[in-house]
Asker: 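I have a structure I would like to understand better, so I am pasting it below and will then ask my questions one at a time.
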Number of protein chains: 2
Amino acid sequence: MLAMTEPLNQLEVWCEGKEWCPITSTTSLIGKKWHPVIIHRLLKHGPSGFNELKEAVDGISSKVLSDSLEDLENKQLVSREIVNEKPVRVQYSLTQYGESLQPVIFEMRDWGMEYLAPAEDAESSTV
Amino acid sequence: MLAMTEPLNQLEVWCEGKEWCPITSTTSLIGKKWHPVIIHRLLKHGPSGFNELKEAVDGISSKVLSDSLEDLENKQLVSREIVNEKPVRVQYSLTQYGESLQPVIFEMRDWGMEYLAPAEDAESSTV
DNA sequence: CTGTATCCACAACGATACTG
DNA sequence: CAGTATCGTTGTGGATACAG
């Protein structure tokens with residue numbers, strides 16, 4: 001009811017008619033634990049260095065971040081560029097393809113904000 | 001509470017300030033392989049039986065579907081109701097909470113539709 | 001029809017330490 | 001700064017068979 005009404009008809013065929021499923025396809029790309037957070041960070045702050053990401057994500061280890069970035073690179077969602085040789089400086093950024101995920105990531109974020117936010121007594125903080 | 005513009009500022013704090021992250025929280029709920037597809041199916045077709053889901057999802061085994069549904073139940077996203085005793089009939093449906101995920105799931109689906117759809121020469125299918 | 005019981009395989013994650 | 005090397009643990013999924 002949101003936007004399109006026509007193109008979605010195809011969906012019924014693909015998704016319920018088996019064989020190919022847009023959702024399964026999408027999760028196969030961003031379904032790993034840290035992928036959405038990493039992508040979100042890149043969406044919000046633009047190109048970032050390895051350690052910048054490591055700080056921002058919080059909780060992720062070097063290895064897992066490294067693995068995740070490599071995976072995202074293979075999937076063409078993130079690009080890796082060496083900016084400096086001396087003190088090695090690498091920059092990770094979203095490809096156009098990766099940026100197209102913005103609506104998905106933001107929707108996930110917004111939902112989490114609305115339904116999973118830790119209890120906040122802020123409203124009735126007048127007490 | 002849906003259309004918020006203010007609260008999002010909090011996000012920067014929570015998500016980049018560490019500690020709590022809406023995206024990580026969301027993926028911890030629907031981040032498993034089949035969860036999004038199952039939810040999507042329930043969104044589109046409403047309450048369904050076990051085998052109905054098994055058919056619809058395509059590729060999922062009894063065990064994994066069972067495990068997934070149990071997990072979704074524990075997370076309060078899906079409710080399980082026994083409709084009939086004779087020939088056992090069970091019905092799975094989304095809770096209100098689960099239904100609230102619609103924007104997220106649809107966004108994933110739409111993105112997949114747009115960017116991952118298998119090449120279609122449908123345009124020139126006049127043959 | 002609606003599951004459970006097993007068992008196995010492998011991917012994913014995490015902690016720690018080390019390197020250019 | 002930007003990773004890699006190990007190693008171990010757990011998670012997740014898949015195949016098959018069986019059961020209420």
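Both backbone and side-chain heavy atoms feed into the values below; hydrogens, waters and symmetry mates do not.
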Asker: With heavy atoms under 4.0 Å as the rule, sort Lys63(B) into base, sugar-phosphate or nothing.
Answerer: base
Asker: Treating Ser48(A) as the side-chain partner and Gly46(A) as the backbone partner, does any N or O pair qualify as donor plus acceptor under 3.5 Å?
Answerer: yes
Asker: Looking only at side-chain N and O atoms, does Lys32(A) come under 4.0 Å of OP1 or OP2 in dA12(C)?
Answerer: yes
Asker: Could you state the CG-P distance from Leu65(B) to dT12(D), rounded to the nearest angstrom?
Answerer: 16 Å
Asker: In the single-linkage hydrophobic clustering (I, L, V, M, F, W, Y; side-chain heavy atoms under 4.5 Å), do Leu69(B) and Val83(B) co-cluster?
Answerer: no
Asker: Over how many whole Å does the gap from Ile60(A) atom CD1 to dG3(D) atom P extend?
Answerer: 13 Å
Asker: Using whole Å, report how far NZ of Lys54(B) lies from C1' of dC1(C).
Answerer: 12 Å
Asker: Kindly give the atom pairs (protein nitrogen or oxygen, nucleotide nitrogen or oxygen) under 3.5 Å for nucleotides 18-20 of chain C.
Answerer:
none

Asker: What is the separation between atom CD on Glu52(A) and atom P on dA2(D), rounded to the nearest whole Å?
Answerer: 8 Å
Asker: Between Ser66(B) and dG3(C), is there a contact of a side-chain N or O with OP1 or OP2 at under 4.0 Å?
Answerer: no
Asker: In terms of the nearest nucleotide of DNA chain C, which residue is placed more toward the 5' end: Pro87(B) or Ser68(A)?
Answerer: Pro87(B)
Asker: When you measure from the side chain of Asn51(A), which nucleotide among dC1(C), dG14(D), dA2(D) comes out closest?
Answerer: dA2(D)
Asker: What is the distance, rounded to the nearest whole Å, between atom CD1 of Ile38(A) and atom C1' of dC13(C)?
Answerer: 13 Å
Asker: Heavy atoms from C-beta onward define the side chain here; which of dT4(C), dG14(C), dT2(C) lies closest to that of Arg89(B)?
Answerer: dT2(C)
Asker: Would the distance check show the side chain of Ser68(A) and the main-chain N or O of His35(A) forming a donor-acceptor pair, the cut-off being under 3.5 Å?
Answerer: no
Asker: Give a yes/no answer on whether the side chain of Lys33(B) brings an N or O atom under 4.0 Å of OP1 or OP2 in dA11(C).
Answerer: no
Asker: Given dC1(C), is OP1 or OP2 found less than 4.0 Å from the side-chain N or O atoms of Tyr92(B)?
Answerer: no
Asker: Between Arg89(B) and Glu52(B), does a salt bridge (Lys or Arg N to Asp or Glu O under 4.0 Å) hold up when you go through it step by step?
Answerer: CA-CA 11 Å; Arg89(B) 172 70 192 176; Glu52(B) 269 182 300; 3.2 Å; yes
Asker: Any donor and acceptor pair, going by atom type alone, linking the side chain of Ser66(B) with main-chain N or O of Ser62(B) inside 3.5 Å?
Answerer: no
Asker: Rounding to an integer number of Å, can you tell me how far Glu70(B) CD sits from dG11(D) P?
Answerer: 14 Å
Asker: Would you mind reading off the distance between Asn74(B) atom CG and dG11(D) atom P, rounded to a whole angstrom?
Answerer: 14 Å
Asker: Counting N and O atoms only, with roles assigned by atom type, does the side chain of Asp71(A) sit under 3.5 Å from a partner on the main chain of Asp67(A), one being a donor and the other an acceptor?
Answerer: no
Asker: OP1 or OP2 of dG3(D) versus the side-chain N and O atoms of Arg80(A): is any pair under 4.0 Å?
Answerer: yes
Asker: Has Thr95(A) got a side-chain atom pairing as donor or acceptor with Leu77(A)'s backbone, closer than 3.5 angstrom?
Answerer: yes
Asker: Whole angstrom is fine here: how far is it from CD in Glu81(B) over to P in dC1(C)?
Answerer: 19 Å
